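Heads up: the structure comes next, in structure tokens.
Numbers restart at 1 for each chain; the letters A, B, ... are given by sequence-line order, proteins then strands. Please read all numbers here as calculations on a predicted model, not as lab measurements.
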Amino acid sequence: MKVAVITFPGSNCDYDLFKAAQQVGGDAKFIWHRERGLENYDAVLLPGGFSYGDYLRAGAIARMSPIMEDVIAFAKTGRPVLGICNGFQILCESGLLPGALMHNISLKFESKDVMLRVDRTDTMFTKDYKTGQVLRIPIAHGEGNYGADNETLKALEDQGRVVFRYVDRDGELSDEANPNGSWNNIAGITNATGNVLGMMPHPERAMEKLLGSTDGLALFTSMVGSMQPS
Amino acid sequence: MSQYRIEVRVKPRPGLLDPQGKAIHHSLNSLGWEGVNDVSVGKAIYIDIDADSVDAALETVEVMCRKLLANPVTEDFEVSVIDETEQTSS
């Protein structure tokens with residue numbers, strides 16, 4: 001299973017993502033943002049970080065990178081594309097996912113563990129979770145406040161495209177459990193065809209018991225399990 | 001052909017959360033300015049561009065705004081010409 005980890009100037013979770021892909025048996029390769037060609041890959045991962053120093057808007061410059069044209073073409077083939085944190089911001093800026101990630105309502109950079117509820121287990125990223133399962137996953141972002149126009153938000157909910165939400169320990173939605181002010185506690189969404197997932201929390205940082213949580217592991221096993229060998 | 005200096009003002013869309021504006025608002029209040037009713041923070045981008053006319057320059061920069069400079073989900077933009085330098089062709 002060939003997995004491409006796209007690296008932009010300012011990416012800083014690329015090695016974590018590379019390691020996570022390897023840990024579940026993926027044949028991971030770094031792809032520099034100026035390179036071209038993703039036809040031979042089975043999955044594409046966009047890492048977290050601060051591509052281009054978050055200049056203009058987080059993700060706005062990265063989505064102009066040459067490789068993004070290939071990422072968009074790759075997404076159209078139905079193969080999995082996963083964007084985490086800055087990767088989610090890039091997916092929104094590129095139009096692969098709707099909406100935008102605004103400044104956290106707290107005005108602070110939030111770096112801590114949060115609880116996430118898995119609301120959809122029928123996606124290629126979550127089939128190894130149980131519906132309603134509550135995960136402990138770290139976040140680290142200043143702009144993770146998800147919003148969109150009312151029509152888009154309604155479509156996301158009606159079509160069941162909200163995959164992860166911020167919850168309390170009991171799996172209940174609350175303002176206290178929402179670290180950034182995201183509408184409806186949204187932490188992760190998919191595109192209409194379900195093969196593009198963007199999420200602010202970092203499952204790639206929850207892969208080892210030693211580091212506090214292994215709750216991110218099932219996301220990567222799900223993805224690898226869904227891939228068709230090329 | 002002239003060179004135009006275009007000012008692009010990118011502002012948070014009305015009704016959307018503007019935490020920076022809110023923080024500045026609080027600070028102004030705490031400094032004693034009680035009559036301040038609202039503060040919002042945007043950004044200004046200055047572009048020097050060659051074009052045949054003011055309209056052509058503005059039209060090009062508006063395309064830039066839609067493509068890159070502003071995010072239509074969260075931001076509005078305005079463009080205006082603030083300077084024009086005629087270029088002497090040799």
Side-chain angles (χ1 to χ4, degrees), chain A residues 51-65 68-69 72 86 88-110 141-156 175 178-186 189 198, chain B residues 4-31 33 36-50 57-82:
Chain A
S51 57
Y52 295 91
D54 279 353
Y55 291 167
L56 193 63
R57 296 178 305 276
I61 309 286
R63 72 112 166 160
M64 300 294 171
S65 292
M68 284 309 295
E69 229 176 275
I72 290 166
N86 190 222
F88 185 12
Q89 294 163 338
I90 296 168
L91 289 175
C92 287
E93 283 285 343
S94 70
L96 280 173
L97 291 174
L101 293 143
M102 299 172 284
H103 278 283
N104 294 347
I105 201 164
S106 63
L107 274 178
K108 292 179 192 153
F109 187 93
E110 300 285 354
H141 60 250
E143 284 136 322
N145 178 357
Y146 183 80
D149 59 77
N150 289 335
E151 205 178 312
T152 304
L153 292 168
K154 191 175 177 300
L156 285 175
D175 288 343
N178 186 343
N180 50 32
S182 286
W183 187 84
N184 273 14
N185 291 41
I186 288 173
I189 56 166
Chain B
Y4 298 92
R5 167 154 282 205
I6 311 288
E7 184 183 67
V8 178
R9 291 179 302 284
V10 181
K11 310 185 289 186
R13 296 189 70 175
L16 272 182
L17 176 84
D18 173 14
Q20 289 188 85
K22 217 167 151 184
I24 294 169
H25 191 182
H26 283 308
S27 294
L28 291 174
N29 285 154
S30 64
L31 281 168
W33 281 291
V36 179
N37 297 320
D38 192 34
V39 178
S40 67
V41 177
K43 57 191 144 198
I45 301 166
Y46 298 91
I47 297 176
D48 293 337
I49 182 173
D50 292 335
L58 287 174
E59 204 175 304
T60 305
V61 173
E62 279 177 20
V63 175
M64 293 176 186
C65 287
R66 281 191 287 273
K67 222 176 148 80
L68 175 67
L69 303 178
N71 183 333
V73 180
T74 56
E75 297 168 324
D76 288 330
F77 63 86
E78 289 167 0
V79 295
S80 53
V81 180
I82 56 170

What's the separation between atom CG in A:Asp149 and atom CZ in B:Arg13, rounded to the nearest 0.5 Å? 8.0 Å
What part of B:Lys22 lies closer than 4.5 angstrom to a heavy atom of chain A: side chain, backbone, both or neither? neither
Can you name the nearest heavy-atom pair linking B:Leu68 to A:Arg57, along with the distance? O-NH2, 2.8 Å
Counting only heavy atoms not in A:Phe109, do more than 12 fall under 6.0 Å of its CZ? yes
Among A:Ala100, A:Pro98, A:Gly147, A:Ala148, which residue has the highest count of heavy-atom pairs closer than 4.5 Å to chain B? A:Ala100
Measuring heavy-atom distances to chain B, does A:Asn104 have an atom under 4.5 Å in its side chain, in its backbone, in both, or in neither? backbone
So which part of B:Gln20 gets closer than 4.5 Å to some heavy atom of chain A, the side chain, the backbone, both or neither? both
Residues A:His103 and B:Pro19: closest non-hydrogen pair is CB-CG, 3.5 Å
